[in-house]
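A, B, ... follow the sequence lines: proteins, then strands. Residue 1 opens every chain.
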Amino acid sequence: MTGGMGIGVSAPRTEDRRFITGRGRYVDDINLRSQQYAWFVRSPHPHAEVRGVDAADALKMPGVTAVLTGADMQADDIGPLPVAWGITSRDGSPAFEPEYPALATDRVRYVGNPVAVVVAESRTQARDAAEMVNVDYEELESMSSATAAMEEGAPLIHEGAPGNMCFDWEWLPAAMAPDARSNTDKAFEEAAHVVSLELVNNRLAPNAMEPRASLADFNPATGQLTLYTTSQNPHVNRLLLCTATLKMPEHKVRVVAPDVGGGFGSKIYHYAEELTVCWASRRLRVPVKWTAERSESFLADAQGRDHVTRVELALDADAHFTGMRVDTVANLGGWLSAFGPAIPTVFYAPLLAGVYRTPNIYVTVKGVFTNTTPTDAYRGAGRPEACYAVERAVDEAAVQIGMDPAELRRRNFIQPDEFPYQSPVGQLYDSGDFEGCLDLARELNGYEEFAERRRQSQARGKLRGRGMCFYIEACGAAPSQAAGQLGARAGLYEVATVRVHPSGSVQVLTGAHSHGQSHETTFAQIVAERLGIDFGNVEIVHGDTGEIPFGMGTYGSRSLAVGGTALYKALDKVEEKGRKIAAHLLEAEAADIEFTDGQFRVAGTDRAVPFGDVALAAYVPHNYPLQELEPGLEETAFFDPENFTFPSGCYICEVEVDRQTGEVELCDFVAADDFGNIINPMVVEGQVHGGLAQGIGQALLEHCRYTPEGQLLSGSYMDYCMPRADDLPNFVVATRCTPTPFNPLGVKGCGEAGAIGAPPAVINAVLDALRPLGVTHIDMPATPQAVWQAIQAAQSGD
Amino acid sequence: MDATVSFTLNGKNVSAETTGATLLVDLLRNHFGLTGAHVGCDTSQCGACVIHVDGVSVKSCTMLAAQADGSTVETIEGLAANGELHPVQQAFHEHHALQCGFCTPGMIMSAVDLLRRNPRPSEVEVRDWLEGNMCRCTGYHNIVKAVRAAAVAMGEQAS
């Protein structure tokens, strides 16, 4: 009945046809009559006073309509870009939140900070004219690293943040407060072994292949603004435009995120550019379009990671973990991005227990301003940083006490009968089978035969290493009340409307947004399964606030666990109403009607009506219980989960290192994940592949490298090393399943796992290969240069 | 320095007025409305804009429109003859070789050229060829699989 495409089937994707034939519709593909083009004038300096903007020469250039500045914006009462999550320092004071104007008014704080916008008849004209805008800068001292920014006498970036400190935070969840610190210290005093590592989690550029773009169209006749923008969450953008920045009533603003070419976190936020084109369109009474160039994306898209962490792990004589201390310095950039303060705190510390029974954990995080592009969520968002700290420390412990790293992990696993498990850092883990995943990964890797492979590599003159990681992460943000207590300034539920048409075909209006995640396919599978209708008769509508109910969008691997559950609950309502209609048609009691395979049937009889007949009766209610039921068949459900979901998994990889060149070749990568129930295995595998590629990219290739002052050196694809086809191996992926009890679908989320688990697995493997040469530490990315230098330093005894 | 360029575009003779600085990708996207070729970078690295000029894959962001004068240009929009998918398109669909779809047109046009030159590429040869096409979503695993599956399908069609 589902057309063979129900839950659990690798249904080929509905959305493919338009993309493989070149008929996708991305923001830059959309053009409006009379549209003009915006080009931003950006600061070339990491830190400077803006003493004036002289647009006279630019305004004389051909085709130029306007040059607008921060002062113009202020005059029009445009609000600053909002921070969506408040963090409180350990002394009880709120994090310092500077007012972040979309166009700088008095000071610029990173290279790329927008200062003015030129609007012209063509993009080339706008760009040429932007060159002619004379900004009078007074350069100030600056720095790009958070540790430098914390030094005594470092230049001050914000007057309100002495020492460049945005917050100084400690994590004392109810589960262990207020004794976390003293208990943890005691564990270290009594430890048989202590491991201590200083780790750098390298800064990354998200690099969705589609650069950001926005096209704003203000209609002066109706007062209606339509914004087409590259967003993962169009309703969030509309909310912030209306309530915080542009200040228009929500019914006058429509935000459309059409086909979006990847996001990975970077398209969550309400950015300066989209606000500016909306404002410019309203002010100039013409549609205004902006499309980023890639070089601009490197400067203007929120970046990810950038932590320096001291992690210490205490073990007893039996190799049980007894305590962990984590002290992290997080680089927030020159301003706060929307979730900038939340990512290195509440999305990070609560995952630092990993999959282990470590009883005492104490975490401190300092959030620091620097003269760099603001940081925020990037695929994994806090969890990769947590996983890296835990899994590097665990591996180091295995080396130190001379134990097999798999055995050390096994010895400390939370056991299957302990779920739901209350971790000391405040998470209630839903389910897991860590031993099962470990065994699966070991089997796929051929764990026992590693020594032979190592010998073969050696015979070829290569150093072979194997690395392992066991991650757990939190998906499905979020229980709104818990998030609110942690500082969230928004709700985090999701919504779906199921609109059944008279002929029985179905449209789903979802608040989740697909920018590669395949919702048009997987959500349709859920509907086909539940209603017993053909998969081809279901259409998923998303991304347009003019069509969909108020939903929160897609990030944090939440679409299925939260949005899919909202859909599931809306389907419950459809089924319930359908049952009543069927009872009337069949002259039976609703309680006696069962619904299977698309048929409403009087239990124990052959009297049945198909779903399509019930739908028709709802819209042509000639024979219908109008006294009891409204006509029509359209139901909406909002779902706010009671908890996060917790995917977990074991990754094992093997590398070969060329000691002459320092080159690391990734030979094998095995991923054994537990995502709970799976709707479409093919799609899930694809998500894992992509996550792994980004995680491997972080470990071996990618790095936003700044000069000490704050000039971005890796600002193009000539300099920033994106993973290419020939950098990656084929992946071996498999799953085990422990369904989550926290949603009726039993699903957890799979979008970020690869990016979370891969970096420590790869670095553990690289170090395993290099240890025979005396190398004990390497930071990401382990480029040939870094590896070669580490080898030389170890060999020369440095 | 405006000029008229004339060429064959997906089987039809076309001409357009361009400036000397107009890139071929911009002419295709903005003048002819063929938005399948995408611009993902400004350094000729990402390959989202790959099309065929005289049967050879070309990054259309790295060619002036004027240089296409007199040539035969084929874009992703012209690849599915009579609505029937090219075997490479079909294989991308069957093997889930695309997620967000942005790199896909360039990736497919590049792969078609590879298979024209090398009808049975090894995995290493596919990965090596696609080095000039970036994808951030798939980790390339399924793209490589799809290209090799298309090679097999095209071989069967030919025999």
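With hydrogens and angles left out, the side-chain atoms of A:Y717 and A:N207 include a donor and acceptor closer than 3.5 Å. With 3.5 Å as the limit, one finds no donor-acceptor pair spanning the side chains of A:Q698 and A:R379. Side-chain contact check for A:Y37 and A:Q125: no donor-acceptor pair (N or O, by modelled atom type) lies under 3.5 Å. Using modelled atom types and a 3.5 Å distance limit, the side chains of B:S57 and B:D113 yield a donor-acceptor pair.
In this structure, no portion of A:E685 lies under 4.5 Å from any heavy atom of chain B. For chain A, the nearby parts of B:F102 are the backbone and the side chain; heavy atoms of each come within less than 4.5 Å. Within the 4.5 angstrom heavy-atom criterion, atoms from both the backbone and the side chain of A:V683 approach chain B. Proximity to chain A (any heavy atom under 4.5 Å) is shown, for B:L79, by neither the backbone nor the side chain. Looking at A:S295, both its backbone and its side chain come within 4.5 Å of chain B, counting heavy atoms on both sides. Interface remark: A:M722 contributes side-chain atoms only to the contact with chain B (heavy atom separation under 4.5 Å). Of the two parts of B:H93, the backbone and the side chain both hold a non-hydrogen atom closer than 4.5 Å to a non-hydrogen atom of chain A. With a 4.5 Å cut-off on non-hydrogen atoms, B:V88 does not touch chain A at all. The contact between A:L728 and chain B is made by backbone and side chain atoms together, counting heavy-atom distances below 4.5 Å. Residue A:F731 touches chain B through both its backbone and its side chain, counting heavy-atom pairs closer than 4.5 Å. When heavy atoms are compared at a cutoff of 4.5 Å, A:S716 approaches chain B solely by way of its side chain, counted from C-beta outward. Contacts between B:T43 and chain A at a heavy-atom distance below 4.5 Å involve backbone atoms as well as side-chain atoms.
For the set A:G697, A:G263, A:P729, the count of heavy-atom pairs under 4.5 angstrom toward chain B peaks at A:P729. Note on B:I76, B:D42, B:T104: by heavy-atom pairs under 4.5 Å with chain A, the leading option is B:D42. Each of B:C41, B:G36, B:G40, B:G78 has some count of heavy-atom pairs under 4.5 Å with chain A, and the biggest count is that of B:G40. In terms of heavy-atom pairs under 4.5 Å with chain A, the best-connected choice from B:L98, B:V124, B:T75, B:L130 is B:L98. The candidate from A:A208, A:S297, A:G686, A:A693 with the greatest count of non-hydrogen atom pairs under 4.5 Å with chain B is A:G686. Between chain A and the options B:I143, B:L85, B:V39, heavy-atom pairs under 4.5 Å are most frequent for B:L85. Annotation: maximal heavy-atom pairing with chain B below 4.5 Å, among A:E210, A:Q687, A:E15, A:Q517, occurs at A:E210. Highest contact tally toward chain B, considering only A:D726, A:T21, A:N730, is held by A:N730 [criterion: heavy-atom pairs under 4.5 Å]. Annotation: maximal heavy-atom pairing with chain B below 4.5 Å, among A:D28, A:T124, A:I696, occurs at A:D28.
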Would you sort out whether B:Q45 and A:R724 count as a side-chain hydrogen bond (donor to acceptor under 3.5 Å, both in side chains), showing the intermediate values? CA-CA 11 Å; B:Q45 305 276 305; A:R724 316 272 181 134; 3.1 Å; yes
Please evaluate residues A:T521 and A:N680 with respect to the criterion side-chain hydrogen bond (donor to acceptor under 3.5 Å, both in side chains), reporting the C-alpha separation (whole Å), side-chain torsions for both, the decisive distance (0.1 Å), and the verdict. CA-CA 9 Å; A:T521 304; A:N680 183 321; 5.9 Å; no
Give the C-alpha distance, both sets of side-chain angles, the deciding distance and a yes or no for side-chain contact (heavy atoms from CB on, under 4.5 Å) between A:R212 and A:W290. CA-CA 8 Å; A:R212 280 194 296 120; A:W290 167 76; 3.9 Å; yes
Under the side-chain hydrogen bond (donor to acceptor under 3.5 Å, both in side chains) rule, what do A:T554 and A:Q232 come out as? Steps first, then yes or no, please. CA-CA 6 Å; A:T554 287; A:Q232 300 176 211; over 6 Å; no
Start with the C-alpha gap between B:R136 and A:E702, add the side-chain angles, then the distance that decides, and say whether salt bridge (charged side-chain N to carboxylate O under 4.0 Å, His left out) holds. CA-CA 13 Å; B:R136 194 58 154 168; A:E702 300 179 38; 2.7 Å; yes
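Evaluated for a salt bridge (Lys or Arg N to Asp or Glu O under 4.0 Å) with A:E520, the options A:R18, A:R17, A:R13 yield exactly one hit, A:R18.
Atom CZ of A:R25 sits in a sparse spot, with 12 or fewer heavy atoms from other residues, nucleotides or ligands closer than 6.0 Å.
Between A:F298 and A:Y720, the ring planes lie tilted relative to each other; the angle falls in the 30° to 60° range.
A salt bridge between B:E131 and B:R127 is absent, with no side-chain N of the basic residue lying under 4.0 Å from a carboxylate O of the acidic one.
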